[in-house]
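Shown next, in structure tokens, is the structure this report addresses.
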Amino acid sequence: MQVVLEKVSKSFPGNGGSIAVLEELNFTIEKGEFVCLVGPSGCGKSTLIHLIAGLERPTSGRLLIDGSPVTGPGRDRVVVFQEPALFPWLTVRRNVEFGLKMLGIGEAQRRQKSAQYLKMVHLSRFADAYPHQLSGGMKQRVAIARALAMDPKILLMDEPFGALDAQTRRLLHEELLEIWQTTHKTIFFVTHNVREATVLGDKVLEMSARPGRIKGGFQIHLPRPRRESDPHLIVIQQRILLGLKEEIAKVVKDEDLDYLVERME
Amino acid sequence: MKKKRIWRALAPWLFLLALWELASWIFAGVPSFVGILKLAARDFADPSFLIALAGSLKRMAMGYLAVCLVGIGSGLLLGRFRWLDDLLGTLVSALNAMPGAAWVPLAVLLFGLNEGAVIFTILLGATGIVVVNTSFGVRDVPPLILRAARTMGASGTKIFWHVIVPAAIPRIIDGLRLAWAFGWRALMAGELLIGSIRGMGQLISEAAKQRRVEELLAYMVIIAGIGMVVDGLVFNRLIGSQVRARWGSA
Ligand SMILES: Nc1ncnc2c1ncn2[C@@H]1O[C@H](COP(=O)(O)OP(=O)(O)OP(=O)(O)O)[C@@H](O)[C@H]1O
Ligand SMILES: [Mg+2]
């Protein structure tokens, strides 16, 4: 599926006026592409995911999915959230089947799908466990299986591995790439980890500090699996990091400024 | 480890009861606790006691059923519709501020000296806490799982029944557990004050009037025992373990 953003802005009402979170985003995610987006904390990455998912509306600009504007959530766009948003009262299997049940798909077919995707994320043995019995990485894998079971055209991933240790993350990277290569889904992957972005993406977009803008983009043509320490990647990583450092410096300065202004009042 | 904790829970009981037993040997007026327990055990072979107990339990069951239906029903509505909560929220708070026993005189005026008055007392004494817990449970569902459900095609009533209500269940059960305790007290208050209905409340008030202290204490032991058994066995063991197994908390 193709996602096109044309001058997409988003602001939230906040103390008195409105706070601009995203400003005039223009970019395209092509069908089958693996696009990563990196940006400093608080720059509006989750907000952007919510916009594409249809959970929020842009304040201005156009957001097109295969040519038609987004009007709300749809099963063609499923989100893997920053924290694993599993339903605690359902077993792993039933979590994976939840969306299918909402679609009115029968029991037998649901079973078959959940079994298939739990196998894909290597959690077949835990089908009858409850979420609180799983580790953080396992929970995120369930969330991925649940998203895949919806058979979406695009997978929107909001720092899905942010809370995991490096080894687990690497393992899940491998699994995700394998899934991407076998299912040919479009993936939009948000992270604040530059190395993660360069290892995974066909394209890495860099976002500025709030209000979030697209600062730049890097095409990465290296074959997968990639090594984080690949010299080509390191060059790209350095360039992205340099840009991000500027952004982070901006935020810090801004806040110092706020602080000083507050003290003067 | 587990054994240790059981002993820790039993220790203060054993200590107090030992003191009591000792006191009963020394002072003539103090009834023996062992005697009271024997009396309580013997009560269960006494048909007139069993009739009174059955009467109380029947009224409790009816009242509690009404509390569950009305409490959960209105709690779900108040949690779901903000405007309804704006409209009725303070009324529910007022209801919660009122001790169950304070409803008895009004209940008697409305229903007369009969079972209806007792059930009415239970209903008003215990419903508020269920309403509050249920509506809070509904409102406190984490936005994250609501968002997740929406991205998977759930909306409106589907979200309500498949996400919001199950997410609220631990809170609803908390409310029901408290309502059991409140209802049990309201039952006793009603039966005691009304006096003419065959039940546990009447038994203790008669025993007190006729200064049959040992019997009075035996009845009290039974009343507390039933309350504890339902709370500990039904709510903690049976339902609580289910909730812990699924929700991982509460
Ligand atoms: N519903 C909302 N109402 C008001 N402000 C909001 C809302 N949602 C997000 N914001 C603000 O928008 C900004 C961006 O938030 P967002 O969660 O998109 O950041 P993020 O880039 O995902 O950060 P992180 O990397 O820490 O997850 C923040 O300053 C936040 O306070
Ligand atoms: Mg975020």
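Just so it is clear, the values below take in all heavy atoms, side chains as well, and ignore hydrogens, waters and symmetry mates. We name chains A, B, ... by the order of the sequence lines, and we start the count at 1 in each one.
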With rounding to the nearest 0.5 angstrom, report the CD1 to CG distance, B:Ile119 to B:Leu124.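 The CD1 atom of B:Ile119 sits 12.5 Å away from the CG atom of B:Leu124.
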If I take atom CZ from residue A:Phe34 and atom CG from residue A:Leu155, how far apart are they, to the nearest 0.5 angstrom?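 Here the rounded value is 8.5 Å.
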Only pairs under 3.5 Å, no angle test: what donor-acceptor pairs are there between chain B and chain A?
unit_1	atom_1	unit_2	atom_2	d
B:Lys158	NZ	A:Met102	O	2.8
B:Ala245	O	A:His132	NE2	2.9
B:Arg246	NE	A:Tyr130	OH	3.4

So what's closer than 4.5 Å to chain B heavy atoms on A:Leu90: side chain, backbone, both or neither?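 For A:Leu90, there is no contact with chain B at all, as no heavy atom is under 4.5 Å.
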Is a side-chain N or O of B:Asn114 found less than 3.5 angstrom from the main chain of B:Ala117, in a donor-acceptor match?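 Yes, B:Asn114 side chain to B:Ala117 backbone: donor-acceptor pair under 3.5 Å.
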With sequence neighbours left out, what residues match B:Arg139 under side-chain hydrogen bond (donor to acceptor under 3.5 Å, both in side chains)?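 B:Arg139 satisfies side-chain hydrogen bond (donor to acceptor under 3.5 Å, both in side chains) with B:Asp85 once adjacent residues are dropped.
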So that I know where these two stand, are B:Trp180 and B:Tyr64 an aromatic pair - ring centroids less than 6.0 Å apart?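 They qualify: ring centres under 6.0 Å apart.
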Tell me every residue that passes side chain to side chain contact (heavy atoms under 4.5 Å, CB included) with B:Leu77, counting only those two or more places apart in sequence or in another chain.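 With sequence neighbours excluded, B:Leu77 shows a side chain to side chain contact (heavy atoms under 4.5 Å, CB included) to B:Phe81, B:Leu84, given in chain and number order.
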Please identify each residue that fulfils ring pair (Phe, Tyr, Trp, His ring centres under 6.0 Å) with B:Phe15, with sequence neighbours left out.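 Checked B:Phe15 against ring pair (Phe, Tyr, Trp, His ring centres under 6.0 Å); zero matches.
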Top residue by heavy-atom pair count (under 4.5 Å) with chain B, among A:Ala149, A:Pro131, A:Pro88?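 Ranked by contacts with chain B, first place is A:Pro88.
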